[in-house]
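This report refers to the structure that appears directly beneath it.
Whatever order the structure lists ligands and atoms in, that order sets their numbers, starting from 1. Just so you know, residue 1 is the first one in the sequence shown, and it goes up from there. In what follows, every heavy atom counts, from backbone to side chain, and hydrogens, waters and symmetry copies are set aside.
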Amino acid sequence: MGSAETIKPAERTRDITYAVRDIVVLAQQVAAGGKRMLYLNIGDPNQFDFRTPEHIIEAAHQAMERNENGYSPSSGIPAALEAIEAQAERKGIRNILDIFITSGVSEAIDVCFTALVDAGQSILVPTPVYPLYSAVLNKLGARPNPYFLDENNGWQPDLDDIRGKIDRGTRGIVLINPNNPTGSVCTEETLREIISLARQHDLVIFADEIYDQLILEEKKHHSVAALDVDAPVITFNGLSKAYLVPGWRVGWGVASGDNAIMGAYLEAINKLLRARLCANHPEQYAIAPALQGDQGHLEEMKARLRRRRDLTVTMLNAIAGISCVRPEGAFYAFPRLEIEGTDWDFVRALIKETGVVVVPGGGFGQRPGSQHFRVVFLPPEETLEQAYDQIGRFMQSYSAA
Ligand SMILES: Cc1ncc(COP(=O)(O)O)c(C=O)c1O
């Protein structure tokens with residue numbers, strides 16, 4: 001028997017963090033002490049008063065009963081692929097080259113990055129960003145190349161910053177639209193500028209549009225792929241958010257553009273898809289009913305989210321030392337803090353003293369010197385009101401301390 005040595009984890013895991021869940025460890029300790037917690041940190045509608053539409057559950061249930069419980073084709077079942085294609089075409093995406101179903105958008109990101117970047121290369125990622133993007137790049141030994149979203153311009157991508165950060169190792173650019181964690185929705189002009197930069201520098205555009213059905217303003221959502229038939233784009237979407245089944249892990253990628261440019265890359269993606277066999281099979285039978293069936297729940301969901309967004313913006317902006325840009329989509333806000341010290345310290349103290357759980361801005365990245373936190377406004381109005389009251393009171397003592 002050898003001497004018991006600590007097993008050394010791989011270097012590539014060193015920079016991987018996921019603040020959204022990391023902060024839960026502290027929240028659990030505080031909750032164990034008996035404090036009443038108010039959770040504003042979880043982007044999972046089913047944890048609150050949102051329920052999966054019955055016909056979506058029924059479709060997956062029926063598939064299981066029919067014994068569709070084996071492996072599926074690696075890209076997914078034909079009925080679901082057709083429904084995804086029709087949905088993409090409704091959004092104006094033409095020149096569709098390939099569609100693949102994955103275990104959530106999360107797996108699509110992993111597969112698409114793995115097939116594209118070599119160690120040392122980079123992909124432009126928004127800052128702040130949904131942290132999985134940086135985590136996957138770190139895992140691959142590649143580099144997240146952060147470009148700023150501009151808080152003074154409604155959190156639109158800062159085009160000058162993007163221009164200045166493209167170098168020879170840059171292979172792609174991520175656009176999260178509507179955005180997590182800011183709730184911003186890209187303007188058509190911004191998207192056109194990004195397409196032009198991407199085409200000039202041979203970048204693949206990764207368009208994460210998982211919140212595209214949750215637009216809370218009278219504003220059209222533009223799929224970036226719809227604005228240029230030849231631009232190399234992979235558009236991500238899935239059932240997690242708008243169709244209220246995040247735990248089923250159903251997402252997909254739609255590749256579009258010029259086949260002469262994208263063909264070899266798409267073959268590399270398909271090799272990886274085959275190697276991992278397939279995405280969850282019976283749940284794929286819910287994709288066509290979800291995308292093509294009754295959409296009634298979406299109006300109700302957006303109506304609730306609008307009320308909760310308005311409450312969030314009004315109450316947070318009334319607190320001295322906090323300012324909050326109005327989110328136009330999704331269910332997140334990213335308010336700015338004027339404080340001494342870091343947002344990590346602020347959030348840790350907030351959780352311990354009040355039981356209100358939010359995520360520090362540092363977990364998503366932000367302009368150096370600025371401090372933020374992310375709020376999820378999925379909880380019912382009573383919960384949000386109590387939480388914002390608590391934050392207001394806490395802020396008074398925190399600023400005075
Ligand atoms: C921007 C964004 N992309 C992807 C995901 C993950 O989606 P999925 O559940 O399809 O893996 C999330 C989840 O919060 C997200 O906010």
Minimum-distance pair of heavy atoms, taken over all atoms of Gly70 and His281: O-ND1, 2.7 Å
Looking at Phe48, is Arg304 sitting on its ring face, NZ or CZ under 6.0 Å from the six-membered ring centre and within 45 degrees of the normal? no
Sorted by chain and residue number, the residues having a heavy atom closer than 4.0 Å to an atom of ligand 1 are Gly104, Val105, Ser106, Tyr130, Ile176, Asn180, Asp208, Ile210, Tyr211, Ser240, Lys241, Arg249, Tyr332
Show the nearest heavy-atom pair for residues Val358 and Arg374, with the distance to one decimal. CB-O, 3.4 Å
Listed by chain and number, what are the ring pair (Phe, Tyr, Trp, His ring centres under 6.0 Å) partners of His222, not counting sequence neighbours? none
Could you give me the CA-CA distance, side-chain angles and deciding distance for Lys302 and Glu299, then say whether side-chain contact (heavy atoms from CB on, under 4.5 Å) is met? CA-CA 5 Å; Lys302 285 190 286 183; Glu299 281 314 313; 3.4 Å; yes
What's the verdict on ring pair (Phe, Tyr, Trp, His ring centres under 6.0 Å) for Tyr133 and Phe206, showing C-alpha distance, side-chain angles and the deciding distance? CA-CA 11 Å; Tyr133 285 98; Phe206 297 100; 8.1 Å; no
